[in-house]
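Along the sequence shown, residues are numbered consecutively beginning with 1. Source: prediction; values computed, not measured.
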Amino acid sequence: IVDNQKEKYISKKLSYILRHRPDSIGITLDEEGWTNVEILLSKMEITREELNYVVVNNSKKRFVISDDNLKIRANQGHSVKIDLKLKEVKPPEELFHGTTNKFLESIMRKGLSKMNRNHVHLSVDIPTAMQVGSRHGKPIILLVNSGSMYKQGYKFYLSENGVWLTNEVPSKFLTLKD
């Protein structure tokens with residue numbers, strides 16, 4: 001129903017709108033990041049079928065439609081201020097973060113910070129971290145000692161699409177993965 005190019009275009013545009021710039025098409029997000037599906041469809045000039053296809057088939061499961069099918073939001077990755085109402089969860093002992101060489105020196109000195117986003121994103125496995133890191137060049141994988149962080153009071157959350165979130169990762173909890 002939707003070709004690969006159109007699916008990619010819609011997914012990227014949805015990510016931009018729902019995570020960073022809802023105002024770019026004249027919509028608003030509520031305090032939990034939700035917006036009205038019908039208004040979004042008319043502003044983006046796409047069909048409900050195209051939207052549903054992208055939501056269901058997005059490999060990263062970036063978007064969720066509410067149970068009543070009236071609202072949509074991104075699962076994580078926001079730079080706009082919202083509250084996803086995430087519950088604190090005990091993380092696995094190790095998580096991973098994918099990056100590239102150009103950021104490595106700064107990260108190893110200062111740690112991982114959320115920058116302009118609401119959280120630092122961490123992966124449960126190396127292949128996912130590799131995929132994330134490869135967006136900016138040759139990936140480098142960092143092992144995050146999340147178990148020790150948790151024991152020292154750092155909070156972790158798990159988004160609906162399986163991305164681990166935290167506010168920061170100090171460099172003392174990072175190791176370069178071979």
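- A donor-acceptor contact shorter than 3.5 Å links the side chain of T47 to the backbone of E50.
- Residues S79 and N116 bring no donor and acceptor atom of their side chains to less than 3.5 Å of each other.
- Ionic pairing of E31 and K81 is not present here: no N-O contact between side-chain nitrogen and carboxylate oxygen is shorter than 4.0 angstrom.
- Heavy atoms of other residues, nucleotides or ligands lying less than 6.0 angstrom from CD of Q5 number 12 at most.
- Remark: side-chain polar atoms of N57 are paired, donor with acceptor, to backbone N or O of Y53 under 3.5 angstrom.
- R135 places a side-chain heavy atom less than 4.5 Å from the side chain of V132.
- Listed for the S42 side chain is a donor-acceptor partner under 3.5 Å among the backbone atoms of I39.
- In this structure, OH in Y154 is found 11.5 Å from CG in N145, a value given to the nearest 0.5 Å.
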field: Audit row: I140, T100, side chain to side chain contact (heavy atoms under 4.5 Å, CB included) steps and yes/no
entry: CA-CA 5 Å; I140 291 176; T100 58; 5.7 Å; no

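- At distances below 3.5 Å, not a single donor-acceptor pair connects side-chain atoms of T128 with backbone N or O atoms of S123.
- Distance alone, capped at 3.5 Å, is enough to place a donor-acceptor pair between the R19 side chain and the Q76 backbone.
- D23 places no side-chain N or O within donor-acceptor distance of the main-chain N or O of G26, the cut-off being under 3.5 Å.
- Side-chain contact between F96 and M130 is absent, with no heavy atoms from C-beta onward closer than 4.5 Å.
- Side-chain heavy atoms closer than 4.5 Å link hydrophobic residues (I, L, V, M, F, W, Y) into clusters, and following such links, even through other members, never connects L86 to V64.
- In this pair, Y150 and F156 present their aromatic rings tilted. The plane angle is within the 30 to 60° band.
- Surrounding CG of D68 are more than 12 heavy atoms belonging to other residues, nucleotides or ligands, all under 6.0 Å away.
- Here NZ of K6 is found 11.0 Å from NZ of K13. Values are rounded to the nearest 0.5 Å.
- You'll find the side chain of L112 reaches within 4.5 Å of the side chain of L122, heavy atoms only.
- Residues E93 and S148 form no side-chain contact, since every pair of their non-hydrogen atoms from C-beta on lies 4.5 Å or further apart.
- You'll find the side chain of I72 reaches within 4.5 Å of the side chain of V55, heavy atoms only.
- Listed for the R117 side chain is no donor-acceptor partner under 3.5 Å among the backbone atoms of K114.
- Looking at N118, its side chain never comes within 3.5 Å of a backbone N or O of G77 through a donor-acceptor pair.
- Both I25 and I82 belong to a single network of hydrophobic side chains, linked directly or stepwise wherever heavy atoms of I, L, V, M, F, W or Y lie under 4.5 Å apart.
- Distance check, rounded to the nearest 0.5 Å: NE2 of H78 to CG of D83 gives 11.0 Å.
- Looking at heavy atoms from C-beta onward, T35 lies out of side-chain contact with I17 at the 4.5 angstrom threshold.
- Within the model, atoms CD of Q152 and NZ of K172 stand 4.5 Å from one another, a figure rounded to the nearest 0.5 Å.
- Residues N161 and S159 have side chains that bring a donor and an acceptor to within less than 3.5 angstrom of each other.
- The closest side-chain heavy-atom distance from T99 to H136 is not below 4.5 Å.
- At a threshold of 4.0 Å, the pair E160-R73 counts as salt-bridged, since one of the basic side-chain nitrogens sits closer than that to a carboxylate oxygen.
- Looking only at distances, a side-chain donor or acceptor of H97 sits under 3.5 Å from a matching main-chain atom of H121.
- Across all non-hydrogen atoms, the minimal contact from L70 to S66 is N-OG, 3.4 Å.
- Ion pairing between a basic and an acidic side chain is recognised when a charged N comes within 4.0 Å of a carboxylate O; E7 and K12 show no such pairing.
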